[in-house]
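Each remark here refers to the structure printed beneath this line.
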Number of protein chains: 2
Amino acid sequence: MKKQCPVATTMNLIDNKWKILILRDILKGPKRFGFLKKSVVGISSKMLSQNLHEMERDGILNRKVFPEVPPHVEYSLSPLGESMRPIIRSMEKWGNNYLENVKGKQQIKF
Amino acid sequence: MKKQCPVATTMNLIDNKWKILILRDILKGPKRFGFLKKSVVGISSKMLSQNLHEMERDGILNRKVFPEVPPHVEYSLSPLGESMRPIIRSMEKWGNNYLENVKGKQQIKF
DNA sequence: CTGTATCCAGACTGATACTG
DNA sequence: CAGTATCAGTCTGGATACAG
């Protein structure tokens, strides 16, 4: 019986950049659809909706509907999602270091 | 002037799961094309080649050609690539914990 | 406000073949 | 061994429109 790769396992749950960026935001606290739509620069409603559903299905996020008019929906982290904080933190640290020490000293397109 | 998001910066350089899986392997030591082709389950020669080129262009990988017959090419980490180790490590840790404590069970232990 | 539905262009894959 | 080239079929993602 073949042992599963832990890195691949992780990537099966956060398999695109949108999920990483969504997590980045919700790690700071519960967020609404409209907020995420603006905060996750470049994402379409379709992709946001789809990724939120997948993350809810995978047990990373909780979805709470407030019975109000106009509609109010909040996405928050489950314990499983919260446990991903170190992954996002490591990316944040790396990105900060890159922006401070690397970018501009090399020719990399953004 | 708007501050760039470090997480998004990171995701601009490792923007798909192939790169993560390639990094995972090369972090253990220099690897050859054929090894990666087998190790990164599901990747095609085309995608492997493409991603290796992009990572080399972005300064993450070094490519070394040994003047031998048959050809021998080795991919290794640059310092910038090496600095990504904590990101992969955090994913590895998370994946291990997930496989041990979450998958197949209802209860989440954290 | 919070999404769904639809169309379509481009990205990706697998297969196959071929080169140095 | 280490790729590149090409084709066809599939899937993803963006744009747009619209609904509850």
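We use all heavy atoms of the structure for the numbers below, so side chains are in, but hydrogens, waters and symmetry mates are not. Since the structure is predicted, the reported quantities are computational estimates derived from the model, not experimental observations. The chains referred to below are lettered A, B, ... by the order of the sequence lines, with proteins before strands, and numbering in each begins at 1.
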Let me know the distance between NZ of Lys38(A) and P of dG3(C), rounded to the nearest Å.
15 Å
For Ser90(A), is there any backbone N or O sitting under 3.5 Å from a side-chain donor or acceptor partner on Ser90(B)?
no
Nearest-Å distance for atom pair NZ/C1', residues Lys19(B) and dC12(C):
14 Å
Whole-Å distance between dG14(D) P and Lys37(A) NZ?
11 Å
Arg24(B) to Ser39(B) - nearest heavy-atom pair and separation:
NH2-O, 3.6 Å
Report the residue (Pro71(B) or Gln50(A)) whose heavy-atom-nearest nucleotide on DNA chain D is the more 5′ of the two.
Pro71(B)
Please give, in whole Å, the distance from dA2(D) P to Arg63(B) CZ?
10 Å
Flag the pair Leu13(B) / Met55(B) as yes when at least one side-chain heavy-atom distance between them is below 4.5 Å, and no otherwise.
no
Remember a base hit wins even if backbone is also touched, and classify Phe66(A) as base, sugar-phosphate or nothing at under 4.0 Å, heavy atoms.
nothing
Whole Å only: how far is the CG atom of Asn16(B) from the C1' atom of dT12(D)?
13 Å
Hey, does Pro70(A) reach any base, or is it just sugar-phosphate, or nothing, if we go heavy atoms under 4.0 Å?
sugar-phosphate
Can you check the Arg32(B) CZ to dC1(D) P distance for me, whole Å?
8 Å
With a cut-off of less than 4.0 Å, is there a side-chain N or O of His53(A) near OP1 or OP2 of dT4(C)?
yes
Categorize Glu74(B) for me: base, sugar-phosphate, or nothing, with a 4.0 angstrom heavy-atom threshold over every strand shown.
nothing
Want to settle it: does Gly34(A) or Lys46(A) sit nearer the 5' end of DNA chain C, counting the closest nucleotide to each?
Gly34(A)
Whole angstroms only, please: what is the CD1-P distance between Ile43(A) and dT2(C)?
15 Å
Please determine whether a side-chain nitrogen or oxygen atom of Ser45(B) lies at a distance below 4.0 Å from atom OP1 or OP2 of dT4(D).
no
Please give, in whole Å, the distance from dA11(C) C1' to Met47(A) CE?
13 Å
Among the nucleotides dG3(C), dG3(D), dA2(D), which one has an atom lying closest to any side-chain atom of Val73(A)?
dG3(C)
Does the pair Glu92(B)/Arg89(B) count as a salt bridge with the N-to-O cut at 4.0 Å?
yes
Closest approach to the side chain of Tyr75(A), judged atom by atom: which nucleotide of dG3(D), dG20(C), dG3(C) is it?
dG3(C)
Charged N to carboxylate O below 4.0 Å: is that the case for Glu74(A) and Arg63(A)?
no
Selection from dC12(C), dG3(C), dA2(D) that lies nearest to any side-chain heavy atom of Phe33(B)
dA2(D)
